Amino acid sequence: MDEPLSFYEKVFETARQIPYGRVTSYGAIARFLGSGKSARLVGYAMNLSHMAFPPVPAHRVVNRNGLLTGRMHFETPGTMQRCLEEEGLTVRQNQVLRFEEHFWDPSEHLKYSDFFKN
DNA sequence: ACAATGACTGAAT
DNA sequence: AATTCAGCCATTG
C-alpha cells in the first residue's frame, strides 16, 4: 500500500527536517519537492499542519525575506516569534535578523529519494 | 469538471 | 528602495 504521499504530506515531512534554531522558506521547500512554483501551496500546507502528526515545526518556515508572514495563523500573533526566539533567533519587526546565516535549504542538506519514492 | 482558495515569489514599476 | 502584479498549482466543494 505504498500510496504516493500527497504534496502536503511531503511538505510536512520536509518541514520536520528543519534543524532546531534554523529556518527555511516556503519557496525552498517547494523547490526541494520539485515544484518550485508551488510556494503558496507550501504556505497552505502549513496552515493544515496544525493537525499533522508527528508535529510540524511550522514556526521555522518564513518567507524568502525572513518575514514571519504566517504569524497570524498561530494561536496568538506572537507565538511564532516567541518560538523562534526560544530557539536562539532574534526577531525584529516580524523579521528574522541575519536571516541568511540561519537559513537552512532542504535541497542542500537532504536527498529527495531518501524521503520519497516519487 | 470547474472555479475558488491561499502562511509565496520574481519581475516590473 | 518600496510597492504592486500576475503567475503559480494541489486541494476542495
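None of the values given here were measured: they were computed from a predicted structure. Per chain, numbering begins at 1; letters A, B, ... match sequence-line order.
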Notebook entry, point to check: Can you name the residues that form a salt bridge (Lys or Arg N to Asp or Glu O under 4.0 Å) with A/Arg92, not counting sequence neighbours?
Noted result: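 Partners of A/Arg92 by the salt bridge (Lys or Arg N to Asp or Glu O under 4.0 Å) criterion come out as none, since no residue qualifies.
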
Sequence neighbours excluded, which residues qualify as salt bridge (Lys or Arg N to Asp or Glu O under 4.0 Å) partners of A/Glu75?
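Listed in chain order: nothing, the list is empty.
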
Among all residues two or more places apart in sequence or in another chain, which pass the side chain to side chain contact (heavy atoms under 4.5 Å, CB included) test with A/Arg71?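 Checked A/Arg71 against side chain to side chain contact (heavy atoms under 4.5 Å, CB included); matches are A/Leu68, A/Met80, A/Asn94.
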
A/Phe115 and A/Phe32 aromatic ring geometry - parallel, tilted or perpendicular at 30°/60° bounds:
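If you compare the ring of A/Phe32 with that of A/Phe115, the planes turn out perpendicular.
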
Can you check the A/Arg64 CZ to C/dT3 C1' distance for me, whole Å?
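After rounding, the gap between these two atoms is 12 Å.
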
Checklist entry - Nearest-Å distance, CD (A/Gln95) to C1' (C/dA2)? => result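 So the two atoms are 14 Å apart, to the nearest Å.
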
Open item on the list: In whole Å, measure the gap between the C1' atoms of C/dG13 and B/dA7 for me.
Closed with: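 One C1' to the other, the span is 22 Å.
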
(message) Using the rule that Ile, Leu, Val, Met, Phe, Trp and Tyr join whenever any side-chain heavy atoms are under 4.5 Å apart, tell me whether A/Leu33 and A/Phe103 fall into a single cluster.
(response)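 Result: no, two separate clusters.
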
(message) Grouping I, L, V, M, F, W and Y whenever their side-chain heavy atoms are under 4.5 Å apart, do A/Leu84 and A/Ile18 come out in a common cluster?
(response)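 The answer is no; the residues belong to distinct hydrophobic clusters.
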
Between A/Asn65 and A/Leu67, is there a donor-acceptor pair closer than 3.5 Å when you use the side chain of the first and the backbone of the second?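 A pair under 3.5 Å: no.
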
**Prompt:** Is it true that a side-chain atom of A/Thr76 and a backbone atom of A/Gly78 form a donor plus acceptor pair closer than 3.5 Å?
**Reply:**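 Side chain of A/Thr76 to backbone of A/Gly78: a pair is present.
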
Give a yes or no on whether a salt bridge exists between A/Glu13 and A/Arg16, defined as a side-chain N under 4.0 angstrom from a carboxylate O.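 Between A/Arg16 and A/Glu13 there is a salt bridge, with a charged N closer than 4.0 Å to a carboxylate O.
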
| field | Under 3.5 Å side-chain donor-acceptor pair for A/His59 and A/Glu87 | value |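 Indeed, the side chains of A/His59 and A/Glu87 share at least one donor-acceptor pair under 3.5 Å.
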
field: Within residues 65-74 of chain A: residues closer than 4.0 Å to DNA chain C (heavy atoms)
entry: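 By residue number: none to list.
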
Exercise. Tell me which residues in residues 24-59 of chain A put a heavy atom below 4.0 Å from DNA chain C, sorted by number, or none.
Key: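 Heavy-atom cutoff 4.0 Å gives A/Lys37, A/Ser38, A/Arg40, A/Leu41.
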
Give the first and the last nucleotide of DNA chain B, reading 5' to 3', that has any atom under 4.0 Å from a heavy atom of chain A.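 Going 5' to 3' along DNA chain B, contacts run B/dG6 to B/dG10.
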
